[in-house]
Visitor: 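Would you mind keeping the following structure in view while I ask a few things?
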Amino acid sequence: MLSFIKNNYYPVVRPAMFALPPEAAHNATIFALKNNLVPAQEQYGNEMLKVQAFGLNFKNPVGLAAGFDKNAECLRALSGQNFGFAEFGTTTPEPQSGNPKPRIFRLVNHKAIINRLGFNNEGAELFSQKLREWRYANTTKPEIIIGANIGKNAKSTTDAADYLKCMDKVYGLSDYITINISSPNTANLRDLHNEDMLGAFISELLQKREELIAKKDVKVPMLLKISPDLKDAEFEKVAEIVLNSNVNGNKIDGVILTNTTIKRNFAGEEAFAENKYQGGLSGKPLFKKSTAQIKRFYELTNGKVPIIGVGGIFSAEDAYAKIQAGACLVQAYTGFVYKGFGLVNQINKGLVALMQRDGVKNISELVGRG
Ligand SMILES: Cc1cc2nc3c(=O)[nH]c(=O)nc-3n(C[C@H](O)[C@H](O)[C@H](O)COP(=O)(O)O)c2cc1C
């Protein structure tokens, strides 16, 4: 009975959450997580769900996408939700308040969110303290892989400088680092995808990692988080640059596909109302596009670059489709807003059932099979 309530409380809580403005609801959720008011989920595990990627062992392929816990405040509570991995940030070198409010909008009919937060966060110093406390905490911890997502301050130039500062702060405190060049809410950030900037930018970051490997004696995988809004030719270039990245034999270890989109595909009467919000669109309307990008990237790189698939995952079937398209791991954000953290095990258990149906023994057999 207790476990039934633990796994199914969200339908009861959700109406209260959705009665609040989206950002207030988010802050209330962070408060509840920080203060141990959110029940942990069943620590369900299955050999079929285990994934090895970029040198790390994941107990399951379901991750929390970046942006949910920007300041790494809820590491303990989130690790109790049975995620295989959770990504924190985006953090920036200096604290910043982000764009004016309101800046998060729910499109309930579309199971979507539009946000234009603009990397509101408390800065990399505090962020790294939280990661450090968690890493060296002297208590029993659920098995979980931790990612640190880094970006740049709004006032900074669009180059590698801020990312290098963040790397200095977080290196060795997380299991992987994500280089976020794809938020649509920081002016010019997405310019870093341009072929004349990206190669040099990545080289600088990989060079920095070489220094940090020598200093800290640990190689932390580095992933690039990519926009869904690139033109085909731009996307092909990004894939080529990632594939050929190389500093002393070390490369970009993987990519995250995708961030939110600034494109709108709402039709008919709803179009006017839904299109009025500026910002990045996530959730259901992003699913097809991000899945297509995963498939394309997998083809362009012959499956040589591990992909974390994200965008509009609300079910095990959605996750399955992303994996078949070429992702070895998946993440979600908007799905948890609409369905709660019970979705983690719903996806995990559903994936096992789908693999059994299809005679597949492990996630790795599925990757890119679609
Ligand atoms: C409110 C909100 C804030 C976000 N903030 C970040 C962020 O700080 N850094 C980042 O890399 N992605 C951020 N994202 C993007 C998500 O990590 C994810 O890539 C995107 O929402 C698509 O997944 P979804 O459809 O499951 O939400 C944010 C998304 C939302 C909805």
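We number each residue from 1, following the sequence as shown. For ligands, and for the atoms within them, numbers begin at 1 and follow the listed sequence.
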Visitor: Strictly by modelled atom types, are Lys59 and Asn82 linked by a side-chain donor-acceptor pair under 3.5 Å?
Guide: yes
Visitor: Should the proximity of Thr334 to ligand 1, defined as any heavy atom under 4.0 Å, be assigned to the side chain, the backbone, both, or neither?
Guide: both
Visitor: Would you list the pairs meeting salt bridge (charged side-chain N to carboxylate O under 4.0 Å, His left out) in which at least one residue belongs to residues 299-316, sequence neighbours left out?
Guide: Lys295-Glu299, Arg296-Glu299
Visitor: Does either side chain, that of Asn248 or that of Glu210, offer a donor lying less than 3.5 Å from an acceptor on the other one?
Guide: yes
Visitor: Which ligand 1 atoms, with their elements, are less than 4.0 angstrom from a heavy-atom of Ala65?
Guide: 17 (O)
Visitor: State if Asn121 counts as touching ligand 1 under the rule of any non-hydrogen atom under 4.0 Å.
Guide: no
Visitor: Using a 4.0 Å heavy-atom threshold (strictly under), name the region of His26 that reaches ligand 1: side chain, backbone, both or neither.
Guide: neither
Visitor: Looking only at protein heavy atoms, which one is nearest to atom 9 (N) of ligand 1, and what is the separation?
Guide: Thr90 OG1, 2.7 Å
Visitor: How close do Ala72 and Leu131 get, heavy atom to heavy atom, and via which atoms?
Guide: CB-CD2, 4.1 Å
Visitor: Which of the numbered atoms in ligand 1 are below 4.0 angstrom from a heavy atom of Ala332?
Guide: 26 (O)
Visitor: Can you tell me if Ser183 has a non-hydrogen atom under 4.0 Å from ligand 1?
Guide: no
Visitor: Do Asn180 and Thr178 get their side chains close enough for a donor-acceptor pair, meaning under 3.5 Å?
Guide: no
Visitor: Of all the atoms in ligand 1, which lie at a distance below 4.0 Å from a heavy atom belonging to Gly312?
Guide: 24 (P), 25 (O), 26 (O)
Visitor: Just to confirm my output: which protein heavy-atom neighbour is closest to atom 4 (C) of ligand 1, and how far is it?
Guide: Gly67 CA, 3.7 Å
Visitor: Which residue and atom name correspond to the protein heavy atom nearest atom 8 (O) of ligand 1, and how close is it?
Guide: Lys70 NZ, 2.8 Å
Visitor: List the closest protein heavy-atom neighbour of atom 1 (C) of ligand 1: residue, atom name, distance to the nearest 0.1 Å.
Guide: Tyr333 OH, 3.4 Å
Visitor: Flag the pair Glu87 and Lys225 as a salt bridge only when some basic side-chain nitrogen lies within less than 4.0 angstrom of an acidic carboxylate oxygen.
Guide: no
Visitor: Quick one: do the Lys322 and Ser290 side chains pair a donor with an acceptor below 3.5 Å?
Guide: yes
Visitor: Report yes or no: do Asn259 and Ser227 form a side-chain donor-acceptor pair below 3.5 Å?
Guide: no
Visitor: Return a yes/no value for Asn115: is any of its N or O atoms, backbone included, closer than 3.5 angstrom to an N or O of ligand 1?
Guide: no
Visitor: Give me the residue, atom name and distance of the protein heavy atom closest to atom 15 (C) of ligand 1.
Guide: Asn259 OD1, 3.5 Å
Visitor: Any N or O on Ile113 sitting closer than 3.5 Å to an N or O of ligand 1?
Guide: no
Visitor: One thing to verify: whether Lys169 and Glu125 come together as a salt bridge, which I'm taking to mean a side-chain N less than 4.0 angstrom from a carboxylate O.
Guide: yes
Visitor: Any atoms of ligand 1 less than 4.0 Å from a non-hydrogen atom of Leu117? List them with their elements.
Guide: 1 (C), 3 (C)
Visitor: Can you tell me which portion of Asn149 lies within the under-4.0 Å heavy-atom range of ligand 1? Options are side chain, backbone, both, or neither.
Guide: side chain
Visitor: Provide, to 0.1 Å, the distance between atom 28 (C) of ligand 1 and the closest protein heavy atom, together with that atom's residue and name.
Guide: Ala66 O, 3.8 Å
Visitor: Looking only at protein heavy atoms, which one is nearest to atom 21 (O) of ligand 1, and what is the separation?
Guide: Ser282 CB, 3.2 Å
Visitor: Crowded around Lys34 NZ? As in, over 12 foreign heavy atoms under 6.0 Å?
Guide: no
Visitor: Would you please say whether a donor-acceptor pair under 3.5 Å links the side chains of Asn188 and Thr158?
Guide: no
Visitor: For ligand 1, is any non-hydrogen atom under 4.0 Å from Lys225's backbone (N, CA, C, O), its side chain (CB onward), both, or neither?
Guide: side chain
Visitor: As an exercise, identify every atom of ligand 1 less than 4.0 angstrom from a heavy atom of Val310.
Guide: 18 (C), 19 (O), 22 (C), 23 (O)
Visitor: If you count the atoms of ligand 1 from 1 in the order shown, which ones are under 4.0 Å from a heavy atom of Leu286?
Guide: 22 (C)
Visitor: For the 3.5 Å polar cut-off, considering only N or O atoms, please tell me whether Thr260 and ligand 1 meet it.
Guide: no
Visitor: Considering only heavy atoms of Gly311, which atoms of ligand 1 have at least one such atom less than 4.0 Å away?
Guide: 22 (C), 23 (O), 25 (O)
Visitor: If you draw a 6.0 Å radius around CZ in Phe31, do more than 12 non-hydrogen atoms from other residues or ligands fall strictly inside?
Guide: no
Visitor: Which pairs pass ring pair (Phe, Tyr, Trp, His ring centres under 6.0 Å) with one or both residues in residues 61-84, sequence neighbours excluded?
Guide: His26-Phe68, Phe68-Tyr333, Phe68-Phe341, Phe83-Phe336, Phe83-Phe341
Visitor: Is there side-chain contact between Phe201 and Asp159, with heavy atoms separated by less than 4.5 Å?
Guide: no
